[in-house]
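Have a look at the structure below, then the notes.
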Amino acid sequence: MRNPKCLKEMVIITNKSNFKYPLKMLSLFILMLYSTLTTAQIKDYSEVVTKKADKIEQKVIDWRHDIHQNPELGNREFRTAALIAKHLESIGIDVQTKVGVTGVVGILKGDLPGPVVALRADMDALPVEEKNDLAFASKVKTMYNGKETSVMHACGHDGHVAILMGVAEILSELKSDLKGTVKFIFQPAEEGPPKGEEGGAYLMVKEGVLENPKVDVIFGLHMDALTEVGQITYKPAGIMAGVNDMKITVKGKPAHGSSPWFGIDPIAVSAQIITNLQTIVSRNVALTDNAAVVTIGAINGGNRSNIIPEQVEMLGTIRTLTDADEAFVLRRIREVVEFTAKAAGASVTLELPYSVRFPVTYNNESLTKMMLPTLEKSAGKDNVSLIPAITGSEDFSFFAEQVPGLYFFVGSTTKGANMKTIGDHHTPQFLMDDKSFKTGVKAMCNLVFDYMEKNTQ
Ligand SMILES: [Zn+2]
Ligand SMILES: [Zn+2]
């Protein structure tokens, strides 16, 4: 509500200024001059970036084909890391290797002072056998968990690496214009390290990748099979879910299946636990604010129809979109599991998290707002759209937990393709259109320039 006193004062001032017309004109002129000057200070590099992205496009495609044909699993990205390090060194970027096992970090110091902007690409492939008929299809096999397994870049990380190599080359050519430092983070093991090893973004953060020089903001992208080439999608705040996994071990008392009253049936108790867990999302979570998921994906116990076993083991996954929801859902799970078992006289062990915890991938809201015009400039305003949160997860979240981050998606499927029949991520038919990478190259370069321009005085 407007304060009537202020309104009165405004009227008086306006009346006064009517008598001082030349003074009013002078103030207007000063204001216009100031705004012209400040606009001029924000230099737009998008045209030069587009030209350079066009020029480097084939090189990016060739790198991606090469990496696609030679995929490596998490913490084993030796060839990929060597290729990246060699390229960064060849264009005058300072390189650190073996950060977080096989990670590569490049530091490009611009000629002008300013913030430190990190760009991240993940490097690892998956234990999937490629079924695409391509000249550069993967035929690689390796040992995975003690078994020979086919390996394929079935998530698009080959594209992420090639894009960031291209971005590094463009930015190094424009070093004299850079108002700040760019830190290129090539990260291993986004899909998870092998059993018994640490890895991924978590380990890089632990080893200090965001320090020396201290990173101010971080940008990351993921190619998206369900979006067409040339499109960018984004969402402020929680864009991808935080994940926790859990293991529940219910211990009862064995008995003959014909006389259950002599025992405590862990199968019946497990069934109650599963049912009660489902009420956390349906009855406790404020679903109109944010979605959440509690899934039991495995249940193992017993081996005969007429024996009540001693114990049942269950594995599950939990997805939440805010830190508060994560804390709340985890607390409810602990309560439900403990008290359901107690009510039946069984004992229970809950391991939560069991082997995985990723935070929510959180897009800093003011950073997203600040950089949205840059995404729109890179892909065209009509090609950038807001999406709902995704209940999949991404370990970029470990970086964005420490410094403001923005993570977005770049369409990778050929225009006009039937989205119902294309190969999705993590499938043997996953395939990205070669034309998709240029949008990523442009977006990353423009984000660096625009962020530096907007945050340097
Ligand atoms: Zn993946
Ligand atoms: Zn991925």
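In this text, all values refer to a predicted model and were calculated from it rather than measured experimentally.
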I'd like to know if [X] pairs up with [Y] as an ion pair, taking the criterion as any Lys NZ or Arg NE/NH1/NH2 lying under 4.0 Å from an Asp or Glu carboxylate oxygen.
X	Y	result
Arg357	Asp245	no
Lys251	Glu310	no
Lys109	Asp94	no
Asp122	Arg120	yes
Lys206	Glu198	yes

* To do: Not counting sequence neighbours, which residues clear ring-ring contact (aromatic ring centres under 6.0 Å, His included) with Tyr202? List them please.
  =>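 Tyr202: ring-ring contact (aromatic ring centres under 6.0 Å, His included) contacts with Phe398.
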* Asked: For Phe136, which residues count as a ring-ring contact (aromatic ring centres under 6.0 Å, His included) partner, sequence neighbours excluded?
  ->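 Once residues adjacent in sequence are excluded, the partners of Phe136 under the ring-ring contact (aromatic ring centres under 6.0 Å, His included) criterion are His65, His68.
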Any donor and acceptor pair, going by atom type alone, linking the side chain of [X] with main-chain N or O of [Y] inside 3.5 Å?
X	Y	result
Glu228	Gly416	yes
Lys438	Val441	no
His425	Ala225	yes
His157	Ala125	no

With no hydrogens and no angle check, do the side chains of [X] and [Y] hold a donor and an acceptor under 3.5 Å apart?
X	Y	result
Glu313	Thr249	no
Thr414	Asp433	yes
Glu394	Tyr407	yes
Asp62	Gln58	yes
Thr80	Glu72	yes
Gln429	Asn132	no

* Could you walk me through whether Asp325 and Thr320 pass the side chain to side chain donor-acceptor pair (under 3.5 Å) test, one step at a time? => CA-CA 6 Å; Asp325 274 359; Thr320 45; over 6 Å; no
* Give the intermediate values and the outcome of side chain to side chain donor-acceptor pair (under 3.5 Å) for residues Ser46 and Asn446. => CA-CA 6 Å; Ser46 60; Asn446 287 331; 5.0 Å; no
Is any side-chain heavy atom of [X] less than 4.5 Å from a side-chain heavy atom of [Y]?
X	Y	answer
Phe437	Asp434	yes
Thr421	Asn418	yes
Met371	Phe219	yes
Tyr354	Leu352	no
Met452	Leu178	yes
Gln187	Asp395	yes

* Do Phe449 and Tyr45 have ring centroids that are under 6.0 Å from one another? ->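 Ring centres of Phe449 and Tyr45 closer than 6.0 Å.
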* Mind checking the NZ-CE spacing from Lys147 to Met143? Nearest 0.5 Å is all I need. =>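 Separation between the atoms: 10.0 Å.
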* Asked: For Glu77 and Thr102, what are the C-alpha separation, side-chain angles and deciding distance, and is it a side chain to side chain donor-acceptor pair (under 3.5 Å)?
  -> CA-CA 6 Å; Glu77 306 92 334; Thr102 51; 2.6 Å; yes
* Which is it for Glu453 and Lys179 under the salt bridge (charged side-chain N to carboxylate O under 4.0 Å, His left out) test, yes or no, and what are the steps along the way? -> CA-CA 7 Å; Glu453 287 292 320; Lys179 291 180 180 170; 3.3 Å; yes
